Amino acid sequence: MLDSQYWGYLDLDSYKRHLDEQHRSLIDTEYWRSHRERMQQLDALCRQYAECLTDLSFDPSAVVSLGKKDQLPSELFTLFSTIVMDLIPWRKGPFNLFGIEIDTEWRSDKKWDRIRPALNYLKGARIADVGCSNGYYMLRLLKEEPRLVYGIDPSSRGYYQFQLIQHFLRDQRVCFDPLGVEHLTSFKGLFDVVLCMGVIYHRRDPYQMLDQLKQSMRKGGQLILETLALEGDSPYCLCPPDRYAKMRNVWFIPSEGTLFTWLKKSGFGEIEKVSEEYVTSDEQRKTSFAPYESLDDFLDPATGGTIEGFPPPLRIAFSAIKKS
């Protein structure tokens with residue numbers, strides 16, 4: 001939950017109601033009961049071995065690193081490593097946690113390197129990461145000395161992966177709530193910067209989503225919007241009748257021109273393309289920490305397109321400023 005210093009920017013009753021609903025339906029469920037029990041055991045061991053945890057190194061660079069190899073007593077490390085493995089698949093990263101190298105499905109540092117040059121207002125800023133997965137980008141942002149990094153994602157696994165790291169990091173500047181973009185209607189002008197990456201093509205109404213993002217931003221705030229897209233300035237979209245690259249719930253894949261139009265019609269200005277890259281197996285692939293189907297299983301090797309016959313996954317990011 002957000003610290004009370006930010007409650008003045010919220011419709012507090014609806015925020016608390018949405019948060020309670022999401023925790024009951026996603027987080028505090030029977031499915032995750034054994035994980036919560038292990039986290040309670042971890043907490044007890046951390047108190048027992050508190051002297052080993054007083055000086056934890058933290059490096060939010062390409063591989064987000066916390067602690068050092070052999071820093072944890074064997075009993076504590078055994079439980080910690082069990083929890084790490086039980087939280088597979090790890091989609092976003094990479095991480096190194098007390099010497100455990102977590103090679104995630106996505107090399108998210110590559111996307112970070114593409115968008116970071118476009119981020120202008122980070123030091124002392126209030127930043128939101130909408131669709132934050134396990135918080136990899138939130139942790140990268142801590143290097144920029146923000147006032148707040150707030151992540152939302154209705155992903156129980158991502159939430160628990162982040163909470164495992166935060167259990168040791170204990171940085172009060174970062175907060176993760178298991179909310180969706182639709183819950184941003186409870187936020188009123190809180191954020192200076194909003195990152196929204198890999199979300200809009202999962203929404204039925206892109207204009208509604210952009211309005212929800214805009215409501216949460218201050219005037220003059222910056223949006224980084226990243227999405228699957230199609231090449232070209234013509235105003236068209238691909239609407240897959242079933243799946244795209246085996247993904248469910250893909251409603252629209254816009255052309256670059258359509259994405260620009262969506263942002264302009266939604267009241268954003270200073271719209272600039274930040275990056276345009278086709279996804280390759282250097283960036284998304286099967287690993288031991290994500291041992292399921294990945295990019296190579298989603299593409300037709302004969303054509304280079306998706307196995308459904310659509311164009312291959314192109315990812316485009318735009319920067320835009322809230323005008324009013």
Side-chain angles (χ1 to χ4, degrees), residues 25-27 29-36 38-39 62-64 80-97 99-112 129-140 151-165 176 178 180 197-203 226-228 240-251 253 277-315:
S25 63
L26 294 173
I27 305 303
T29 62
E30 181 64 22
Y31 179 86
W32 289 105
R33 182 156 66 97
S34 60
H35 171 76
R36 293 194 299 272
R38 282 191 292 271
M39 288 299 296
V63 179
V64 173
F80 177 77
S81 59
T82 297
I83 294 172
V84 167
M85 299 304 292
D86 284 346
L87 287 172
I88 285 175
W90 290 75
R91 300 292 188 190
K92 303 298 172 66
F95 298 96
N96 186 306
L97 306 178
I100 301 174
E101 296 181 3
I102 301 177
D103 186 14
T104 50
E105 178 187 12
W106 284 88
R107 283 287 307 274
S108 302
D109 56 306
K110 292 181 178 292
K111 185 183 294 186
W112 176 255
D129 184 355
V130 176
C132 64
S133 183
N134 58 21
Y136 173 84
Y137 297 110
M138 296 167 63
L139 299 171
R140 292 297 304 267
I152 61 171
D153 199 313
S155 162
S156 52
R157 191 172 305 274
Y159 174 84
Y160 278 124
Q161 288 172 352
F162 172 81
Q163 293 300 333
L164 177 63
I165 297 170
F176 184 137
M197 301 186 290
V199 177
I200 196 166
Y201 49 84
H202 290 307
R203 308 298 299 180
E226 190 267 357
T227 179
L228 287 169
D242 186 15
R243 298 190 183 194
Y244 174 87
K246 293 193 178 182
M247 281 191 293
R248 300 180 180 89
N249 195 30
V250 175
W251 294 92
I253 299 179
E277 294 284 341
Y278 281 97
V279 182
T280 70
S281 55
D282 288 336
E283 186 169 358
Q284 184 189 14
R285 69 275 192 271
K286 185 186 301 185
T287 75
S288 60
F289 282 87
Y292 307 110
E293 287 189 322
S294 192
L295 181 66
D296 287 344
D297 303 292
F298 307 153
L299 301 183
D300 181 346
T303 65
T306 74
I307 63 168
E308 300 88 0
F310 299 125
L314 172 69
R315 303 199 74 99

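Since the structure is predicted, the reported quantities are computational estimates derived from the model, not experimental observations.
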Contact between [X] and [Y] at the side-chain level, heavy atoms closer than 4.5 Å - yes or no?
{"X": "H202", "Y": "R248", "value": "no"}
{"X": "F176", "Y": "D153", "value": "yes"}
{"X": "S288", "Y": "I88", "value": "no"}
{"X": "W106", "Y": "S294", "value": "no"}
{"X": "H35", "Y": "I83", "value": "yes"}
{"X": "F80", "Y": "L164", "value": "yes"}
{"X": "P89", "Y": "R157", "value": "yes"}
{"X": "R140", "Y": "D109", "value": "yes"}

When rounded to the nearest 0.5 angstrom, what distance separates [atom1] in [X] from [atom2] in [Y]?
{"X": "R33", "Y": "R38", "atom1": "CZ", "atom2": "CZ", "answer": "11.5 Å"}
{"X": "L228", "Y": "I200", "atom1": "CG", "atom2": "CD1", "answer": "11.5 Å"}
{"X": "M85", "Y": "I102", "atom1": "CE", "atom2": "CD1", "answer": "9.0 Å"}
{"X": "M39", "Y": "S34", "atom1": "CE", "atom2": "OG", "answer": "12.5 Å"}
{"X": "W32", "Y": "D86", "atom1": "CH2", "atom2": "CG", "answer": "9.0 Å"}
{"X": "T306", "Y": "F298", "atom1": "OG1", "atom2": "CZ", "answer": "11.0 Å"}

Decide side-chain contact (heavy atoms from CB on, under 4.5 Å) for M197 and Y137; before the verdict, give the C-alpha distance in whole Å, the side-chain angles of both, and the deciding distance to 0.1 Å.
CA-CA 10 Å; M197 301 186 290; Y137 297 110; 3.6 Å; yes
Is there a side-chain contact (heavy atoms from CB on, under 4.5 Å) between K286 and D296 once you walk through the steps?
CA-CA 8 Å; K286 185 186 301 185; D296 287 344; over 6 Å; no
Taking everything shown except E293 itself, do over 12 heavy atoms lie less than 6.0 Å from its CD?
yes
For [Y], is there any backbone N or O sitting under 3.5 Å from a side-chain donor or acceptor partner on [X]?
{"X": "D129", "Y": "G151", "answer": "no"}
{"X": "E101", "Y": "N96", "answer": "no"}
{"X": "E283", "Y": "Y278", "answer": "no"}
{"X": "Y244", "Y": "E308", "answer": "no"}
{"X": "T287", "Y": "D103", "answer": "yes"}

Which heavy atom of [X] sits nearest to which heavy atom of [Y], and what is that distance?
{"X": "I165", "Y": "L97", "answer": "CG1-CD1, 4.0 Å"}
{"X": "S156", "Y": "L26", "answer": "CB-O, 3.3 Å"}
{"X": "L299", "Y": "P313", "answer": "CD2-CD, 3.6 Å"}
{"X": "R285", "Y": "T104", "answer": "NH1-O, 2.6 Å"}
{"X": "G180", "Y": "P154", "answer": "CA-CD, 4.2 Å"}
{"X": "G131", "Y": "V199", "answer": "CA-CG2, 4.0 Å"}

Stepwise, does the side-chain contact (heavy atoms from CB on, under 4.5 Å) test hold for K110 with E277?
CA-CA 10 Å; K110 292 181 178 292; E277 294 284 341; over 6 Å; no
Check the pair D282, R107 against side-chain contact (heavy atoms from CB on, under 4.5 Å), reporting the backbone distance first and the verdict last.
CA-CA 8 Å; D282 288 336; R107 283 287 307 274; over 6 Å; no
Can you label the angle between the W90 ring and the F95 ring as parallel, tilted or perpendicular, going by 30° and 60°?
perpendicular
Identify whether the distance between the nearest side-chain nitrogen and carboxylate oxygen of R91 and E105 falls below 4.0 Å.
yes
